Amino acid sequence: MSGLEVQADRAPRSRPFSRHRRPRAAETIAAVLALFLVLAAVLPDFLAPGDPLGIDPLGAFQSPNFTHAFGTDESGRDIYTRVVHGTQYSLVIGVAATAIGLSLGIVLGTLAGMLGRIVDFTVNRFLEVLFAFPGLLLALLFIVIFGPGVATATIAVGISTAPGYARIIRAQLISVRGKSFVEAATVLGRTRWQILLRHILPNTLAPLFVLATLGIGQAIVWAATLSYLGLGAEPPTAEWGAMLSAGRTYITSAWWMSFFPGLFIVLTAVSATVLGRSIDKRMRHA
Amino acid sequence: MNEAGLRAASTAVSAAVPAATVENLRVHFGTTRPSSPVVRGVSFTIAAGECLAIVGESGSGKSVTARSLLGLNGENAHVTADRLDLAGQNVLGLTDRAWRARRGKDLGLVMQDALVSLDPLRPIGREIADSLRLHTTLNAAARARRVLELLDAVGLPNPQLQVRKLSGQLSGGERQRALIAAAIAQNPPLLIADEPTTALDVTVQAQILNLLEQIAHQGTAVLLISHDLAVVSRIAQRIAVMHDGQIVETGPTTEVLGAPQHEQTQRMVSAVPAEKPRGSRLSPASRPSDSSRTAAVGPLAHGATSPIVLDARSLSKSFRRPDGTKHLAVDNVSLTLRRGTTLGIVGESGSGKTTTARLLLALIPPDRGEVTVCDKPWTTATQKSRRGLRASVGAIYQDALGSFDPRWNVADILTDALGNTPGRRSPQITAALSTLLDEVSLARSVLQRRPLELSGGQRQRVGIARALAARPAIVICDEPVSSLDVSVQAQVLDLLDDVQRDRGLSLIFISHDLGVVQHVSDQLAVMRGGRIVEQGPAEALFASPQHAYTARLLAAVPRL
Amino acid sequence: MAEPVSRHPATLRGRLRFARTLRRLAVRLAGAVFVLWAVATITFFAVRLIPGDPALAVLGGPGSQASPEALAAVSAAYGFDQSVFVQYLAQLGRLATGDLGRSYALNMEVGPLVLSQLGGTVLLAVLALILAWVLALALATWSTRGGTVAARVGSGLEIIAAALPHFWLATSLIVVFSIWIGVLPPISTGGVAGLVLPVLTLGIPLAGFLGQVMRESLLLALESPFVLSARARGESERGVRWIHAFRHASLPAISLSGWAFGSLISGAVVVETIFARPGLGRTLLNAVTLRDVPVVIGVVMVVAVAYIVMTLATDALSRVVDPRLRLS
Amino acid sequence: MPTPIRRVVATTAGIVALGLLITGCTATGSNEPVGEPRNGGTLTYASGDAEPSCLDPHVGGNFPQALISAQYLESLVSRNVDGQIIPWLAKSWEPSDNGLTWDFTLRDDVTFTDGTQFDAAAVQANIAHLQDPTTLSSTGYLALGKVTGTEAVSPTVVRFTLSEPDSALLESLSQPWLAIESPAALKRSQDENCAAPVGTGPFVVKSWVKQNAVTLVRNDDYDSPPTDAAHTGPAYLDTIIWRFIPDSASRYAALQSGEVDVIDNAQPDTIVQAAQSDSIEHLDSPRPGASNRIEFNSSKAPFNDVRVREAFIRSANVDDAVSSLFQGTATRSYSALSSVEATAVSDPSIFKFDPAAARKLLDDAGWNETDSDGYRIKDGVRLSVEFPVSTNQSIPAEQSVFEQIQATAKDTGFEVKLAPLDLSSWYAALASNDYDAVSAPYTKVGPDVLRILYHSDSIVPAPSGYFANLAQVNDPAVDELLTEAARTADADTRTSLYAEVQNRILDGFYILPLYDQQNHYLVRSDVVGMRTLPTVAVPTLYDAWLNR
């Protein structure tokens, strides 16, 4: 090959390296935070050796100080310990709810996208109907029917996020289905099933990872809202939403009780979003 | 066309000063550390009423040069020059406000594809009136009158009706005229036309070039930016060939094209396929081992005698438009392809050639008619029996990148095409991959890369390799070289020619580019509005077109 | 000669367009009726699944000491003794005539109740939507013209805003503005001042979502060739933005607004409780906990109608902003 | 007559101990002279209780209804701070010797705000309304359980006929749920009557915007206050805006910022804060009837064993919990009854926190093994206590008390499973006997509440599944004492009978008393003269005026 051709017909210059692009400060912070959260979820005792449920009635309502970095709550429980131990609930709720929402979304979206016009029409109308329900109402009904608690709140949040995912998945699936590499596979003599499994589904589902990362943050926020309404985790469980809800009562005298759990909800959602977007960017450029 | 209107538009032009003078222009991008410059010391002058063409392949720096004249290279650009004059006035280091006062007034810009270059949400009349609003004190009524005059001047019929239309409601040619009208609304002494005809059909392209030429005749200097030597040769008085950020050759059009001095110019000139005989090489030998054969040119087989491998009879296909009406995309099309020959199908956009390709590939069922492959039922066969025949029909696509699963690397793509599970490795597969890569002149190193990491030419080579993997008898190529630079196009066309010879392939070659089709085809079918208006041996058809449309098409093909 | 010839096709085209519009409206209407029917059906059966005797809800909840006779009387009066299917048909029949029924718990007709609560919630939602648009626009404008630092700060603010739980934001706003500074009332006072904090609470997270979408599409529009064309005509930066880019950037944000309305209703449940505002959200929460089936169905139906209206409105607005939609 | 041996009847001691709180019921607490009462102004009251579905307290009959209806409805009798029944709409009353008929002499100078004359027929209409099943009265209906009929002896004398003597009749009639409404108004549809009941009170219901506010305006013709009121004639305030602000933080913030003048259901921390503020005063007025207590379901394991009940009581560190969570705003109770009840029996010695004793008791009761989580086991079953908590009825601080009890009980091997539930689910859990411990407040004037809470009849559920005897005390001796007390007119005898009942309940470790039913109001300092009615401790704004 001559040097001239290399000049004229050159491979995209920067793209292959963009995957190894230097992370921005925000991404680094988000990654460190995510690491902290995962560590807190897996090994809470490493970060906070205390008992999240251990009461100390006489040490209640302490503002943040050297022994209690985030202060203590109405029963003298250490808020830092509770926030760290609560990570697992929030993360599990966020991940599980998103997984449920995505799974339902994948089933509905795939049905709609793959099984012909009648099914598509039906599923679409069904989704339209679900969209007419405010998300919180779906969750409320579900919880009132099956009783409050972490598990039902998780499923409820999952269900109420499913229509959104289903719509995105269907659109993605239809877009992938129309891509010319799918046609190319047909030309190569591949069967419908082979095409579905080898090309359409993988290419539809790969971007969902990013979507899921973004969704986890929102799921945590919604689950916290349910806890606030008294429909989520049961006190004294060290779940952030429940802590926040309990702390709201004392907001005028003990701001730290609701500030720190709230801060962690926001930080978790933000770091999930920042990481999700950064992965998205890298995947798109890579 | 309304000559008077154009003249009216051009009264202010002074012939004495050059429209633009550029000396030692250098541009580089980057915020923190200076990257290597994209434009490295470019100098040229355009006289009033002159048409200068800057020609180069993608990445040569021609568009950046043009934008430097507008001060629109973006915030990251660092532009330096010894001299940068527009209409005799220095524009280096102008403030934003001063630049704005000049843009549209001292120079206009026409870009490729007016569908996106005109705001799709606004009526074209508004877009044209904008530059009047910005630079004149005309009131709304006067502006509206002037817009009508301008539209008339650029040859848009029924201006009163058109002003209220969106760019999306116009045809490609009409849009481009509207865009030109917007650019010349202020009679700028200089008009920069950056690939103004690239996405247009060949007949429309000719009209737009005529319009630009006319504008130049009225005294407006035209700086034409293009990758296509043939296109610019029609109207440019002088050509500057850009390569790697520098002007490597410049001179009057006839001199540059007649006796190209620089290697790059020669390469580009020789790569133009039109009127190069079937089987002659367009690119310098890329396979030294084959160089012996490049001398022995000449068609491999002659149509009339060899057996028919693909036969399409009376194909029709219609689609339902969104408003419910029927659109007959393919109307009673019959084609035959004989072994070892190439059947070219040429047509402008909307002629039904891509639908025909999809029918021939049995991706969509025809409403009427039938296709047989090697005398076996093809479109009428069951899914299952057709899958058995699929191996004998391959395809090459215009958008090579889109035709690959983005998650797969080249090895996966080719392993899959060979009929193995992607990711599987065995000595046999490795050997087969090597053979395939050799055949399309690709290095082993591409195997681990994804399509996104390949150049346009490499991608199309991988596409060809994939089509060949199953050892097909027939390959249907739908615009396989349309999105490639001309020298790369030349290499790919040569490669297709090589593999056709090596394997005795039968090709259907679909293109809008008559020049390319002329170069590759044994038989030729000309499509228009879903029908075949004329078909027959390529040489005969080019020599004496029977149908008026064919003749028009031929006349419009840009030649050197 | 030319006049009548050209006029005829014009009227014909006009009629055709009218017929098409009618057809589109009819399809929309049928779709809306279907959605309402399905919403009513799902809600009816879902509420049926809630444990507890509806007759008890009528008689003041499970804590009441109603006599068996009273229970029987209520069951008969409300048709609880009939099969679920008969009750379902009766419910549909009432809904079809616009009768939302009678609240079990509140001693009043659902229709007037829901109507009286509708205004507050719609006002809140609309103001929050407007605020979100203003904030998102301001942030998008500022952060797309001020260089990379502004862009990062802007994008960071949007992400943080979108991650704020309503109840936490509401609390923080109350603490800061009502308790520390003391400028704004922490509860609805009927006046404008009482609306500020609820609208901020609902509007800020939404502004985060809208802003992300808007900024992305604004950047996309600013990089598009038609903006370059406009600049090449000498258009100012302000002109580029206001004449061209924002119109494009607003399109995805408009369609998002339809969705946003649903999330505002969800948010209203929390906001109305905290700021003690009358509204559908609070009504719904109370009705669900009281098992007040007719009110739940009534609120859901009204919200569904509002959602449909909102979707129609955003569609219509999209058609105004994007004339291409009017053509196809 | 059995006399209390170990315990002091709280008639005197209790009241002395609570003297500070009770005086707090009327005074504004501000020491500076406030001058003469001024007429006019609008007072905004913010209630944290649920918005009533009906403003007529005859219908259903819950505390939120009592709170607001005390402003526009009046009862036949009232009660003073000493616990004595005093005249109100009835000037005097006389039971027959056998206790089966009561003659009430009514005031003859009172008209309802719709112009209807208040007379014997009006009282009859009200009793009939309460006893009409279609009214769906619950509280009032129960209180009139022994009333078989009424008779207008004269326009100003009404006679109640009883099926058996009812020593609690006057206490029952003093409650807002049995207030007297205009018979003309009662004839309207229930919807109308619920929206704007008509009474004889100092204020009139003007409008009601659902989920927002009820507007009350002054009754300018009013002049029938109970004898313990501070003034006569019409009220001072022009208007009362009665708002519903369920969120406690918002409610307090609204009070702080002056948007509202009075809030109820004040949280402990805000009371403490208010104490440091010059602009907010505190009014503490514990509700009558039962104390707030945890009741142990003695009908099933594990609490069918008295040793386990005692062990739980020994395991629960209530004192620390109450002092830390209520920050001195609640006093620990050791009684089944509210401290405002003169008949309450209090015995701190029974409720000593003693984990060692608890462990011993559990060992004795057979719960002598411990599983890996540290909980006691018996026959492979964990010592688990299902504890449904009503989020409507237990304020957050109380829920936290339960959490702390959960934590301390864990140390001795109890697994307390707290389940916060909305009201419907909570009642459902109780109705299906899915609980081992529960806290259910019960407000009623007088010790007759003991009959409702601990008579074995109260174990039999109503058709709704509701029953009041949640400890499921099934003790014939208790039943007998309660029946006897209800028939006894003599105050001393009655007191000692109720004392005996309480002793049996306390000794049987059926309940763990926590504190009185908390009933705290925070009032802006410029609101002068607001007090609570000593009947069910609801505020009355009749004497209130704005010092601004």
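Worth saying up front: this structure is predicted, and the values here are computed from it rather than measured. Order of the sequence lines fixes the chain letters, A, B, ..., with proteins taken first and strands second; residue numbering starts at 1 for each chain.
- Comparing B/Pro120, B/Pro123, B/Ala101, B/Gly104 by how many heavy-atom pairs each has under 4.5 Å with chain C, the most go to B/Pro120.
- To the nearest 0.5 angstrom, C/Arg324 atom CZ is 5.0 Å from B/Leu121 atom CG.
- Contacts of B/Arg102 with chain C are absent, with no heavy-atom separation under 4.5 Å from either backbone or side chain.
- Between C/Ser229 and B/Leu118 the shortest side-chain heavy-atom distance does not fall below 4.5 Å.
- For the atom pair CZ (C/Arg233) and CG (B/Leu107), the distance works out to 13.0 Å, reported to the nearest 0.5 Å.
- Comparing B/Leu166, B/Leu109, B/Val110 by how many heavy-atom pairs each has under 4.5 Å with chain C, the most go to B/Leu166.
- For B/Arg126, the CZ atom is loosely surrounded, since the number of other residues' heavy atoms within 6.0 Å does not exceed 12.
- Heavy-atom pairs under 4.5 Å with chain B peak, among C/Leu251, C/Val227, C/Ile243, C/Val321, at C/Ile243.
- Only the side chain of B/Gln169 comes within contact range of chain C, judged by heavy atoms closer than 4.5 Å.
- We find that B/Arg103 and C/Glu235 are not joined by a salt bridge, their nearest charged nitrogen and carboxylate oxygen being 4.0 Å or further apart.
- No other option in B/Ala185, B/Gly71, B/Ser131, B/Gly108 has as many heavy-atom pairs under 4.5 Å with chain C as B/Ser131.
- Annotation: the span from C/Ser236 atom OG to B/Leu134 atom CG amounts to 7.0 Å, rounded to 0.5 Å.
- Side-chain contact between B/Asp96 and C/Glu237 is absent, with no heavy atoms from C-beta onward closer than 4.5 Å.
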